[in-house]
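Keep in mind it's a predicted model, so treat the numbers as computed, not measured. One is the number of the first residue; the rest follow in order along the sequence. Read the numbers this way: they start at 1 and go in the same order the structure lists the ligands and their atoms.
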Amino acid sequence: MSESNLLKSLDYSVLQQCMHCGMCLPTCPTYDATKFERSSPRGRIRLMREVADGRLDVGPAFADEMSYCLGCLACQTACPAGVDYATLFEAARGEVERRGVAGGLRRRLVRWATMSVLFRRPRLLRALGRLLWLYQRLGVQTAIRRLAVVRLLPRGLQRLESMTPVVRAPFSHQRIAPRETPPAAKHRVALVTGCVQDLLYAAVNRATADVLLANGCEVVTPPWQYCCGSLHAHNGELELARDLARRNLDLYPVDELDAIVSNAGGCGSHLKKYAHLLHNDAAYRDRAEAWDAKVHDIHEWLVKIGVRAPRPSARGLPDQPLTVAYDASCHLLHGQKVARQPLDILRLVPNVVLVPLPEADWCCGAAGVYTLTQPEQSAKLLARKLDYLAGVGAAVVATGNPGCLLQLETGMRRDPRLAHVRVCHPVELLAEAYAAESRK
Ligand code: SF4
Ligand code: SF4
């Protein structure tokens with residue numbers, strides 16, 4: 001099917017689902033911030049329908065509203081009519097890209113991150129990661145910042161430099177063998193190591209492999225993996241997202257696997273939708289359906305196979321209760337509807353005491369590239385999250401998505417109330433508990 005008029009090409013019933021009840025409005029962070037109807041889910045759906053009906057042009061105002069939307073999908077969870085906001089949103093952003101009306105910095109960034117090869121070439125991405133790691137590790141970044149050389153850069157680049165995340169080598173392929181097999185394996189699973197996760201949080205991937213092994217899963221981890229394409233689809237680059245989906249379908253031996261496991265809420269949400277993405281591709285459609293049925297978030301998979309509780313008598317675990325606040329990744333909670341399982345996993349860890357976090361289901365402001373495209377709103381959402389985290393006083397904050405880990409970590413390191421608090425993925429705590437079992 002032609003990519004023209006993406007909103008028009010949708011099944012019209014998807015556009016008609018909204019019954020304008022407004023029950024989604026209190027859950028929408030951008031409506032909460034503005035109280036403008038056009039910045040609410042209901043308002044955006046109305047705009048999309050007007051575009052589909054040919055009553056509204058896709059101009060800068062429409063593009064701005066789609067860019068302002070976090071894509072957090074809280075509205076989808078709240079909606080009693082089952083509105084498929086994710087599909088509408090992807091089509092709307094795709095239409096904005098197709099018409100070339102996405103504004104300034106956002107457009108350049110999206111193009112850079114997608115069209116300009118980086119997230120399509122894993123070797124190039126890792127090479128850049130290695131360079132960044134050296135830049136940080138050798139102290140060049142610190143020196144440049146101290147000498148104020150950064151101030152010579154254009155303002156946009158200054159801001160980008162200040163947001164450079166800490167790269168943490170070694171990366172996943174250096175920590176995890178292509179195939180790791182436990183004694184008496186009961187399942188065979190592939191581990192998706194991700195892009196951001198690989199460069200910044202490869203330790204989470206190692207911890208994921210460890211908990212899978214401890215639960216009788218043989219772990220297959222291709223050393224060079226393609227981006228899942230969520231960043232591309234989320235930003236309207238649907239053809240690139242399809243290309244990446246096909247590459248992943250070619251890479252993994254789907255028929256030989258019991259599951260394809262992701263530990264990143266955002267990636268997992270997209271990986272489960274390859275069949276939808278490729279529904280017009282006769283060569284890949286069937287394989288994509290088989291793939292979707294096997295993709296699981298790590299928490300979901302562990303609970304499904306009956307995750308083993310670590311032995312509480314193990315030495316090496318903290319003697320004191322460890323207070324943990326869980327903050328839900330939007331795409332894990334609202335996109336994948338994986339709500340209970342991360343809490344179940346955390347409850348298994350000896351000495352962990354869960355502390356309820358107000359608005360744990362509210363976006364932290366990470367939302368893909370939202371920190372770059374909408375820095376002010378992203379910062380407001382982060383500040384709101386940090387206030388709640390400071391209020392609960394937990395020793396650890398756990399969340400299941402690298403973008404959220406990065407956003408929280410960045411905010412907490414700068415906040416004296418939270419600088420001492422550990423940020424981690426739930427599986428890291430479980431992996432540590434398993435590791436403690438074998439200590440003498
Ligand atoms: S995806 Fe999030 S920000 Fe966008 S309309 Fe829905 S609730 Fe609001
Ligand atoms: S809750 Fe659902 S049906 Fe009601 S206004 Fe929001 S999107 Fe429309």
Worksheet item: Should you measure from each heavy atom of Gly22, which atoms of ligand 2 turn up under 4.0 Å away?
Response: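 Here the atoms of ligand 2 in question are 4 (Fe), 5 (S).
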
Item to complete: Within a distance under 4.0 Å of any heavy atom of Cys79, pick out the atoms of ligand 2 and give their elements.
Response: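 Near Cys79, meaning under 4.0 Å from one of its heavy atoms, ligand 2 has 1 (S), 2 (Fe), 3 (S), 7 (S).
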
When you measure from [atom] to every protein heavy atom, which one gives the shortest distance, and what is it?
| atom | answer |
| --- | --- |
| atom 5 (S) of ligand 1 | Arg44 NH1, 3.1 Å |
| atom 8 (Fe) of ligand 1 | Cys28 SG, 2.4 Å |
| atom 3 (S) of ligand 2 | Met19 N, 3.3 Å |
| atom 6 (Fe) of ligand 1 | Cys75 SG, 2.4 Å |
| atom 2 (Fe) of ligand 1 | Cys72 SG, 2.3 Å |
| atom 7 (S) of ligand 2 | Ile45 CD1, 3.7 Å |

Worksheet entry | atom 6 (Fe) of ligand 2 to nearest N/O/S of Cys24 below 2.8 Å |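 Yes, since at least one N, O or S atom of Cys24 sits under 2.8 Å from atom 6 (Fe) of ligand 2.
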
Worksheet entry | Test: Arg126 cationic atom under 6.0 Å from Trp133 six-membered ring centre, within 45° of axis |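 No.
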
Salt bridge or not for [X] and [Y], using N-O below 4.0 Å?
| X | Y | answer |
| --- | --- | --- |
| Asp258 | Lys294 | no |
| Glu432 | Arg422 | yes |
| Lys385 | Glu359 | no |
| Arg384 | Asp387 | no |

Worksheet item: Does ligand 1 have a heavy atom under 4.0 Å from the side chain of Gln76, from its backbone, from both, or from neither?
Response: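 Gln76 to ligand 1: no contact under 4.0 Å from either part.
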
Practice prompt. Specify side chain, backbone, both or neither for Phe89, according to which of its non-hydrogen atoms lie closer than 4.0 Å to ligand 1.
Written response: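 No part of Phe89 is near ligand 1 at this cut-off.
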
Fill in: Best match, Pro41, Cys69, Pro29: closest heavy atom to atom 4 (Fe) of ligand 1
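Nearest heavy atom to atom 4 (Fe) of ligand 1 lies in Cys69.
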
Practice prompt. Would you mind listing which atoms of ligand 1 come within a distance below 4.0 Å of any non-hydrogen atom of Gly71?
Written response: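 This gives 1 (S), 4 (Fe) as the contact atoms.
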
